[in-house]
Amino acid sequence: MESELLTFKEKNPQLEVVTELIRGQHPHLKGFYKNKNERVVCVKNMTPEDILLYATRLRNALGRKVVKLKTRHVTKHPSVQGTWTTDVKF
């Protein structure tokens, strides 16, 4: 895993990659973003390829919190008459 982590660090010079050994805890990846958010991913019992996949996902993420949408239809100007559905009767 250390060799793959070094190649990941060389391919992404904009990232700061730090490894540390903490006894008594499961291995995990932490992503710190500029907007002061943090994401943690547990990588216990994962292959090095899966760990590299999660590291690239943390790199590509924006760092925003996940917001659940209230409806499937999101618009700035909602319809006054209501949203269209398939069971509208004329």
Side-chain angles (χ1 to χ4, degrees):
M1 183 61 216
E2 286 109 15
S3 61
E4 293 180 11
L5 202 58
L6 287 175
T7 57
F8 181 76
K9 184 176 180 178
E10 289 171 359
K11 288 181 183 177
N12 301 294
Q14 74 275 13
L15 300 178
E16 179 182 346
V17 179
V18 179
T19 59
E20 63 178 322
L21 179 65
I22 302 175
R23 297 181 57 139
Q25 289 188 359
H26 296 298
H28 60 273
L29 296 174
K30 278 188 183 181
F32 296 99
Y33 298 95
K34 285 186 177 180
N35 58 0
K36 300 198 174 48
N37 282 342
E38 174 184 348
R39 285 194 179 177
V40 180
V41 178
C42 181
V43 290
K44 177 185 172 188
N45 298 331
M46 288 190 185
T47 62
E49 293 82 21
D50 290 340
I51 294 172
L52 195 60
L53 176 69
Y54 277 103
T56 54
R57 285 182 182 170
L58 280 176
R59 179 199 64 194
N60 294 339
L62 295 175
R64 294 185 298 196
K65 299 286 183 185
V66 177
V67 177
K68 185 175 179 182
L69 299 176
K70 295 178 183 172
T71 61
R72 290 182 289 146
H73 183 73
V74 178
T75 179
K76 290 183 181 178
H77 307 289
S79 173
V80 177
Q81 300 170 350
T83 58
W84 183 84
T85 60
T86 56
D87 52 302
V88 172
K89 297 177 182 167
F90 293 107

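The figures here come from the full heavy-atom set of this structure, side chains too, leaving out hydrogens, waters and symmetry mates. Heads up: numbering here begins at 1 and tracks the sequence.
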Return the [atom1] to [atom2] distance between [X] and [Y], rounded to the nearest 0.5 Å.
X     : Y     : atom1 : atom2 : answer
Lys30 : Leu58 : NZ    : CG    : 12.0 Å
Thr56 : Ile51 : OG1   : CD1   : 12.0 Å
Lys11 : Leu52 : NZ    : CG    : 7.5 Å
Asn12 : Arg59 : CG    : CZ    : 4.5 Å

For the hydrophobic clusters of this structure (ILVMFWY residues joined by side-chain heavy atoms under 4.5 Å, transitively), does one cluster hold both Val17 and Val41?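 Yes: a chain of side-chain contacts under 4.5 Å links Val17 to Val41.
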
Shared hydrophobic cluster for Leu53 and Leu5 (ILVMFWY, side-chain gaps under 4.5 Å):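 No.
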
Looking only at atom types and distance, does a side-chain atom of Arg39 sit under 3.5 Å from a main-chain N or O of Arg64, one as donor and one as acceptor?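 At least one qualifying donor-acceptor pair exists.
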
Nearest heavy-atom neighbours spanning Gln25 and His28: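 Heavy atoms of Gln25 and His28 come nearest at OE1-CE1, 3.9 Å.
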
For Glu4 versus Pro48, what's the shortest heavy-atom pair and its separation?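 What the structure gives for the nearest pair is OE1-CB, 3.3 Å.
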
Give a yes or no on whether Glu38 atom CD has more than 12 heavy-atom contacts from other residues, nucleotides or ligands under 6.0 Å away.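 Yes, CD of Glu38 has more than 12 neighbouring heavy atoms, counting only those of other groups under 6.0 Å.
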
Is the OH atom of Tyr54 crowded by more than 12 outside heavy atoms at less than 6.0 Å?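 At most 12 heavy atoms, drawn from other residues, nucleotides or ligands, come within 6.0 Å of this atom.
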
